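In what follows, a structure is listed as structure tokens, so that the remarks can point back to it.
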Amino acid sequence: MTIDVKTNELDERFLTISKFAQAVGTTRRTLLFYDEKGVFKPAKTTANGYRYYSYGQIYRINFILGLRSLGLSVDEIKSYLADNNSQTLNKELGKLKQRVEDQIAKLRQVLEVLDQKEANNIQLTDVDFYTVKRCYLPPRDFWVSDFKVNCSEKEIAQAYSDFYQRLGAGTMVTNRLSGFLTDLPQAQPNKYADAGFRIIKEKSQLAQVKLPVMTQADGDFLITKVQNTGEGIEKGLAKIRQFAQTNNLQIGDDLWQFNTGVDITRLGLTKNSILAYRIN
């Protein structure tokens, strides 16, 4: 509505755009933007372009600002205002609820990364290269990929990518244990290259992921640190096998191979890893 009146005639009944913005806790720029988008227009506009707002408009703009603060887009707000009924608002707020829940899940993941302590994994960090150590490990649950056998480097990379896409990118960078679970009875070095395996990532209680879960039972383990080359891993397996035989220990069929850190280089592994076998 454009009118041609003297400014002082509007002073008592209307607010200038700057004063109105101040009264409702927003900015002049925001009001201009909402006007241009057709979301919220001034009560009156003078012939020379000055915008004036009524006191009664304070209630509507506060409602609009409230919807905006909840995360509704300008188009969503405009759609609701054009069809002002509770069903329309419920529909828009329903979509918003899902977005908020998705954001909360991502923020929880970020918080876990920032909050995470490595105290629970201290047994796996205090170990030397190719020196076998016997230690107790607590029970842990792991998300696992499908079982794979005889994979090429390309196939391993694709399986790794698929696995972490299903977990969510944020899960990849947490300090929770990751690596591989390999079917390798008695730590036989010459069978490692052809053994079947699963990609693993220690389960978080915060993330809701539909992937199979396997438990690493608690107990005493034989562990050693190795370089993640074929030769390095086979050397570590030989050390564990020799230690078990020398000390008359029976070890299980599962090789737990844990990455040291999160900087994956190739074949889903960090530069070094920890090999672990549970003592039966």
Side-chain angles (χ1 to χ4, degrees), residues 1-118 164-176 203-210 262:
M1 178 179 182
T2 303
I3 58 174
D4 186 10
V5 295
K6 294 181 179 178
T7 301
N8 58 7
E9 294 178 10
L10 296 169
D11 287 345
E12 293 184 1
R13 294 177 294 129
F14 297 96
L15 295 167
T16 64
I17 187 171
S18 296
K19 289 184 178 179
F20 187 78
Q22 185 178 10
V24 299
T26 190
T27 64
R28 182 177 180 275
R29 182 177 179 181
T30 297
L31 293 174
L32 289 172
F33 175 74
Y34 286 159
D35 186 4
E36 292 169 0
K37 294 295 183 180
V39 174
F40 183 75
K41 290 189 170 294
K44 300 180 184 295
T45 304
T46 63
N48 56 5
Y50 289 110
R51 293 170 171 83
Y52 288 87
Y53 297 83
S54 70
Y55 287 96
Q57 287 183 284
I58 287 177
Y59 307 107
R60 173 52 68 93
I61 189 60
N62 274 316
F63 182 68
I64 291 171
L65 293 172
L67 293 178
R68 191 75 180 100
S69 70
L70 288 174
L72 265 68
S73 69
V74 171
D75 288 340
E76 287 170 336
I77 293 171
K78 188 175 180 180
S79 174
Y80 165 67
L81 295 175
D83 184 14
N84 194 348
N85 65 70
S86 59
Q87 289 302 317
T88 302
L89 181 58
N90 287 340
K91 180 180 178 182
E92 297 299 341
L93 292 181
K95 292 188 290 185
L96 173 63
K97 180 182 177 183
Q98 186 58 55
R99 292 206 302 268
V100 170
E101 288 176 346
D102 292 343
Q103 290 171 1
I104 288 173
K106 290 178 181 178
L107 288 173
R108 281 177 175 167
Q109 216 170 56
V110 172
L111 183 61
E112 184 181 12
V113 174
L114 298 177
D115 242 6
Q116 199 167 55
K117 306 298 181 183
E118 293 189 74
Y164 278 97
Q165 283 182 48
R166 293 176 69 185
L167 279 184
T171 306
M172 182 177 178
V173 298
T174 68
N175 284 331
R176 290 183 176 274
K203 186 175 181 290
S204 163
Q205 299 305 317
L206 295 179
Q208 302 299 314
V209 178
K210 292 183 179 179
V262 295

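This structure is a prediction, so every number in the text was calculated from the model and none was measured. Below, each value reflects all heavy atoms present in this structure, side chains not excepted, and no hydrogens, waters or symmetry copies.
Leu32 is linked by a side chain to side chain contact (heavy atoms under 4.5 Å, CB included) to Ile17, Arg28, Arg51, counting only residues two or more places apart in sequence or in another chain. Checked against side chain to side chain contact (heavy atoms under 4.5 Å, CB included), Lys78 has the following partners two or more places apart in sequence or in another chain: Val39. Taking Ser54 as the reference, nothing meets the side-chain hydrogen bond (donor to acceptor under 3.5 Å, both in side chains) condition, with sequence neighbours excluded. A search for salt bridge (charged side-chain N to carboxylate O under 4.0 Å, His left out) contacts involving Lys41 returns Asp35, not counting sequence neighbours. Residues satisfying the side chain to side chain contact (heavy atoms under 4.5 Å, CB included) criterion with Arg166, sequence neighbours excluded, are Leu211.
Tyr50 is not listed as a side-chain neighbour of Thr16, based on a closest heavy-atom distance of 4.5 Å or more.
The distance between the ring centers of Tyr53 and Phe20 falls below 6.0 angstrom.
When all heavy atoms of Tyr52 and Gln57 are compared, the closest pair comes out as O-OE1, 4.4 Å.
How far OH of Tyr34 is from OG1 of Thr26: 6.5 Å, rounded to the nearest 0.5 Å. In this structure, the separation between CD1 on Ile61 and OG1 on Thr30 is 8.5 Å, given to the nearest 0.5 Å.
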Could you pull out every donor-acceptor pair under 3.5 Å between side chains of residues 65-73 and any protein atom, sequence neighbours left out?
from, atom 1, to, atom 2, distance (Å)
Arg68, NH1, Leu72, O, 2.9
Ser69, OG, Gly66, O, 2.7
Ser73, OG, Glu76, N, 3.1
Ser73, OG, Glu76, OE1, 3.4

